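The structure presented is a predicted model; accordingly, all values stated were derived computationally and were not measured. As a basis for the values below, the full set of heavy atoms in this structure was taken, side chains included, without hydrogen atoms, waters or symmetry mates. We're numbering straight along the sequence, starting at 1.
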Amino acid sequence: MTLRYENVTGDQVAGLVSDLAALRIEVFRDWPYLYDGNLAYEQRYLARYADAASAIIVVARDGDRIVGAATGMALEDHVDDFTDALPDLDPKEVFYCAESVLLPQYRGQGAGHRFFDAREEQARACGRRYAMFCGVLRPADHPARPADYVPLDGFWRRKGYAPVPGAQAAFAWRDVGASRETSKALQVWLKDLQA
């Protein structure tokens, strides 16, 4: 399978919001996120990428079908509060590589590299020194953890990212099968783009 990639910004985002929202819900339903998604919320969330001048969505297609996507924007353009997680960094120096989603059958073909490379290029174009993202923290003995699960830590480290000691963000969402939202801890990973 040969994937085709495109970088989407500004007004181009609006035409993709419905497909991207459905894809995010499908992928994030699996481990480790276990997200019981809401289409209206996802569409509102993604629509913000049309309004932020720094924003980028890297789309992966198989033919005309969107099978993966990665989002990013300048940290101060992202409405969620990360400044408490990175008190020693100026948010105006940081580009937030928000999320990457890819259908399982397309993994292992280089999409992850393309997703990070394109967002880091956007970060540099925005004059950012750092790129960051967050990875959800789940207990090793969580009952929903697949026996064959391999964390992405090794891949992230090879891309030049490292977990920032003591830097965690918190987000709330409803897990699959849960009756209400609960807060989840996410580890902040950071890369110095000038190193």
Margin query: Quick test of your reading of the model: are Asp117 and Lys159 salt-bridged, counting only N-O distances below 4.0 Å?
Written below: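 The answer is yes: the pair qualifies as a salt bridge.
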Item checked: Salt bridge flag under 4.0 Å for residues Asp175 and Lys184 ->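 Judged by the 4.0 Å cut-off on N to carboxylate O distance, Asp175 and Lys184 do form a salt bridge.
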With rounding to the nearest 0.5 Å, note down the distance linking [atom1] in [X] to [atom2] in [Y].
X	Y	atom1	atom2	result
Tyr106	Thr2	OH	OG1	11.0 Å
Leu190	Cys134	CG	SG	10.0 Å
Phe155	Tyr161	CZ	OH	9.0 Å

Check: [Y] main-chain N/O paired with [X] side-chain donor or acceptor under 3.5 Å:
X	Y	answer
Glu99	Ala70	no
Gln122	Met73	no
Arg138	Tyr33	yes
Arg129	Leu193	no
Arg48	Tyr45	yes
Arg145	Asp141	no

Checklist line | Crowding at CD, Glu6 (>12 non-hydrogen neighbours, <6.0 Å) | finding: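 Yes, the 6.0 Å shell around CD holds more than 12 heavy atoms from other groups.
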Next item on the list: Check whether the ring centres of Phe133 and Trp156 lie less than 6.0 Å apart, and answer yes or no.
Entry: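 Yes, ring centres under 6.0 Å apart.
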Checklist line | Nearest non-hydrogen partners of Ala60 and Leu3, listed with the distance | finding: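 That closest heavy-atom pairing would be CB-CD1, 4.5 Å.
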Item checked: Ring-face cation contact, Phe116 with Arg119, 6.0 Å cut, 45° max ->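 The answer is yes; both the distance and angle limits are met.
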Checklist line | Shared hydrophobic cluster, Leu23 / Tyr49 (ILVMFWY, side-chain heavy atoms < 4.5 Å) | finding: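 Yes; Tyr49 is reachable from Leu23 via cluster members.
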